Every structure is written in structure tokens, then in C-alpha cells.
Amino acid sequence: MTPFFFGSSDRQLFGIYEAARCAPVKGAAVLCHPWGPEYIHAHRSLRQLSNMLAAAGFHTLRFDYFGTGDSAGDMTEARLAGWEADIRTAMSELLDITGARQVSLVGLRLGAALAATIAITAGAKVRSLVLWDPVLRGEEHVRELHLESPPGEKAIKPRPRAPEDGGGYDILGFPLTDQIESEMKALDLIALAPALPARSLIVASHPLPSHDGLRRVLDENKRDQAIEFIADHPPWIELPLGHPLSGAAPVKVLRRIVEWLA
Amino acid sequence: MSAKIVNQAVTIGRRQSLVGIVTQPAGYVPSGRPVCVILNSGIIHRVGHHRMYVALARMLAAAGSQVLRFDLSGIGDSENRLDGLSPLDAAIADIREAVDWLATSKSAQRIILIGLCSGADHALIYGSSDPRVAGLVLLDPSIPPTLQYYCRYFARHLRQPKSWGDMLIGRGRVWNWIRKFLGDRSEEVLESHRIKLGDPAVRAYLESAYRRTMNLGTQCQAVFTSGFPHQHNYRRQILDAFPSVPFEGQLRLDYFDGCDHVFTSEADRKRLFGVIMKWIQQPGFVETLPAATTGEAASAKDLQMQHASHGT
């Protein structure tokens, strides 16, 4: 496991590279994380996924978008277009490190929506795409973020932010500025579904009203993909300390992703 | 933040298995200053809840300090240890490896450990045994309940209609105690993750750790929030819990009323960072006087007087 910074000096990104631990090498994969508090709680599962992929023969790169995790910048400066550019930078970095010619993209929640956008435009560079509990409708995602609250404590409601600080709301300590909220609301993965790469896996562990819309569009367009529903716990949601699944990775989902990619 | 800082990704420890980030001023790094080490709280990786440790590290670095944030083994990106140590012993061994690495790679002579919740407990326990630790920032550390704690606890609950509702339907702490008294063990599974801070052995252990820390001359900044009411609920609880520990002149106390345990509000975080930045700029920590001289002893004495004026 190699932690390192990459990208330009004014947009330093933090990543962790894990080389494939078995031969033959089956490919290279970039993992794309969800937004704000969801990433904090899902970090453990994404690390586990990276570890499992490396054991299955994949070179993997996990990384933090600009303004998130250990990468440079502040969340208030972030834009979705910038995060999409960061995914492209991470893909180039992984291709450069490994000598691979294609990468697979694996995205969780918002990361899945960003990865899908990239996969549609990147063409042959993307070998396959995994959408793990993807954000399908941005409006729905923003509504969910506003309702998320930590367990076992009094509900921590979103707090309005000052307009001079970008406005919007603090969601569990993360700034969802007016700018990024409006960009998130404009996300519509269902509209993009007909253009998804042929080799795409859509896996869901958390039912959403928007799933029906995606199923309909996939059917109408005679796509081979379907939403695979796997009953497992959503790792981006904080469970109370002492809960049997607190800190646990959703092993069934992770196994399915690795098996499908391999 | 105008001062330029740099970040370095590192793997440290005997097996190079602990992943961390060193954040420091881009140019001249003042010598003699303690290096700050920020520890994990619970199982949250080194960025901290709502990325607060990244912001704190950058703020400290912009003010001239070197800062290491790293993941304990098995947390975040760090690998598990292979020596079969208990979680507490493993955490202490990891911190020792990180401090040793800072001593050899960054010429660190003095360390300030910063931790929240379990991180605060790890900081205290490690700091009480290593004279290189010059300072501790303890955010909601574990302290035993006191008589005043229980009085405040029950007074608060008696004023809340929800407590009366819980009482009527058989929920809450009092009913749990009654059930346990009658031999019901069903609540113990959920409670088992909590250390029984009222237990005399736990109290003696913590008291001994604080006493050793004070005897080493370590400076402490403790911040308690009202967001952890099952452990503490007033500012001076630590002093009442350990009346025989000589805290005078070495412990600065703050109590954040209306603040949750993980400083979710940006305003609370700003206030917290302000408290830490002010504490860290004390004469004993900045390089205005050469280290290990009588001058340092004098500045420590000044500091004791300053703290005495705060009533801590």
C-alpha cells in the first residue's frame, strides 16, 4: 500500500495505491467515494474493497477529491466538474503507474454518479463501471443528505450557512454550499442510463424511489443491465457504537463487486 | 490561511504499516517547538469527524508547527498489527512507534498529543509514560462520575418531560439499573462497549495516569463538551473526580455548553481551534527561549501563574 500525493501543485490530491497481489493481473481500478459524512463512514468499506480487489489481481487507486479527505483545498471551494476532473487525473495516474491501457471505475453513491459521467465520455479508456448504490436523481440525494443524522444522539439538523461563506447548509459538519447543492440537484443518472458502457454493474443495498425510474429506462432501451439488489447494510450510514454491524463492511456487496470485475 | 504549508504522506512504524500525513510550514520550521500528533477518535480515520483534524493540522502548520496525523493499526489505512496485542496495548505501541519515528526523522524532542474521546484516553495513557510528551490536548477524555455529576444528571432529567415518559414505559437508565438489580442481563450486551468509569479499578488507573502526567511536568488542555452527558456534565468534574492529583498550574480547562461530542457545528470547531491555538502559543512551547535551560523553567513558572489566574 503506497500513500502519495499526485496532481498539479495547486490541486494536490491524496491517493492510496495498492498493487495487485496475485498473477495474472486482471486490471486496474479507481475507486470514487461519496460526499461528506457518507465518505467518513464508508472509508473503511472502500479500503476493504480495495484490499479485496488487490488480492483478486487488480491494481487499485483510492483517492480523495479536491477539498475532501487528505487532499488540498476546502469543501467550500469544490465543484462537481472539478471532482470529475479529479477522477480523470486519478485514472491517468493509475494508467501511468501500472502501464495498464484501461481502468475500471467503481463509485459509491455520489462517486457512482461522477464515475458514470466520466465513463460515458472517456470511451475505451474505461474497461468497466461499477455503480454501487448510485445517486440516480440529485434532488433525491440532497433530500437524503438533509435527513441524515447520527444515531443515539439528538438529531443534528442541517444548519444554514452564511451567504458570504457560500450559503447552503452544514450537513453533519460538512458544508453543502448553494453552488454544490444546485450542481448535485442537476444530476440525473437515469437520463444517462442508455449511454452507460456495455460492461456496467449496478448494485444496490438500499432501496430508493428512483430505482423504478432506472429500471424503466433500462427496459425501454433494452439494456442488459438490471439493478442487482443485495440485502446488506449501507456503510455510509453511521451505526450506534455497540451495534453489531458498527464499523463492519458490507461483505456480500463487496464480494459481488470483486467477483463481477474479476 | 495565507501561510504556505506542505503535506507529506508517510508510512511509519516498525513495519512501515502506519499511514499518516505530516503537515508543516513550507519553508523554515522553527526548531525546538513540540511536534503535534493528532490521534484517531474511535474508528474514524485520520481526517477526523467532518475533516476537523485536517483543518486543525493546517492551522497549526500555518502557525509554525509540524503536525502528524496517522491511523492506529487496524483503523483507516493502517494495517493490523501481527503481534496479538490487545486494542489498548496496540494503540499505545503504535503511538510509541510514531513518536520514535518523529524523533529520528523529524528531530522531534518534544511532542504534543491531541485526541478526542478514545484518542484523548490514548493520549493520556501514553503521555503518562513518556517524558518526551510535553503537552496533551484532551477532548472529552474519560473521567469517572462524581456526586455532583449525579446530582446534575438527575436534576436535568427530572426537568425533562421525556424522562417522565420513559419512566412510565419502563425505559431509561433508572429502569436499566432496576432490571440489572433484579438479575436481567439483556442490556449488558449493548452496554459492554462502555468502560465502567465508576469502577474503583478504572478510577484508580486514570488517577494514576493523571498523577504520572502531572509529575512529568506535562501541560494539559482539556475541553469537555455537554454532548457527552453519560460521562461528564460540568467543567470541574475532572478536579472533583481526582482530588489528590496535583493539577495546579498544568491543567487548563474549558467546557463547551451546547456543543456535541464531535464538534459538528462549525462555530464550535472554530472556538475549539481558537482554544488550542492559544494554548499552544504558550511560552513553554514556542521557541522564544532555548529548550532545556533555566529560561524554560522560568517560562513554565510564568505559565503556572497564568493558569492559576484562570482558576484551574
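Below, read A as the first sequence line, B as the second, and so on, with proteins coming before strands; counting in each chain starts at 1. Since we're looking at a predicted model, the values are computed, not measured.
A salt bridge does not link A:R159 to B:E266: none of the charged nitrogens lies less than 4.0 Å from a carboxylate oxygen.
The 12-atom threshold is not exceeded at OH of A:Y169, counting heavy atoms of other residues, nucleotides or ligands nearer than 6.0 Å. Residue-environment remark: CZ (A:R88) exceeds the threshold of 12 foreign heavy atoms within 6.0 Å. The environment of A:R21 atom CZ is dense: over 12 non-hydrogen atoms of other residues, nucleotides or ligands sit within 6.0 angstrom.
With a 4.5 Å cut-off on non-hydrogen atoms, B:E79 touches chain A through its backbone and its side chain both. Contact annotation for A:D170: only side-chain heavy atoms (C-beta onward) come within less than 4.5 Å of a heavy atom of chain B.
Annotation: residues 3-11 of chain A contacts chain B through A:P3, A:F4, A:F5 [non-hydrogen atoms, separation under 4.5 Å].
Counting heavy-atom pairs under 4.5 Å between each of A:I16, A:D70, A:T68 and chain B puts A:D70 at the top. For the set A:P37, A:S50, A:A72, the count of heavy-atom pairs under 4.5 angstrom toward chain B peaks at A:A72.
The main-chain N or O of A:D74 is never found under 3.5 Å from a side-chain atom of B:R51 such that the two would form a donor-acceptor pair.
The minimum heavy-atom distance between A:M1 and B:D77, with the atom names listed, is SD-O, 3.2 Å. The two residues B:I43 and A:R44 come nearest to each other via the heavy atoms CB-NH1, 4.3 Å.
Rounding to the nearest 0.5 angstrom, the gap separating the CD1 atom in A:I171 from the OG1 atom in B:T264 is 12.0 Å. Between the CD1 atom in A:I40 and the NE2 atom in B:H49 there is a gap of 8.0 Å [rounded to 0.5 Å]. For the atom pair CZ (A:F14) and CD1 (B:I21), the distance works out to 4.0 Å, reported to the nearest 0.5 Å.
Using a 30° and 60° split on the angle between ring planes, A:H43 and B:H45 fall in the parallel class, below 30°.
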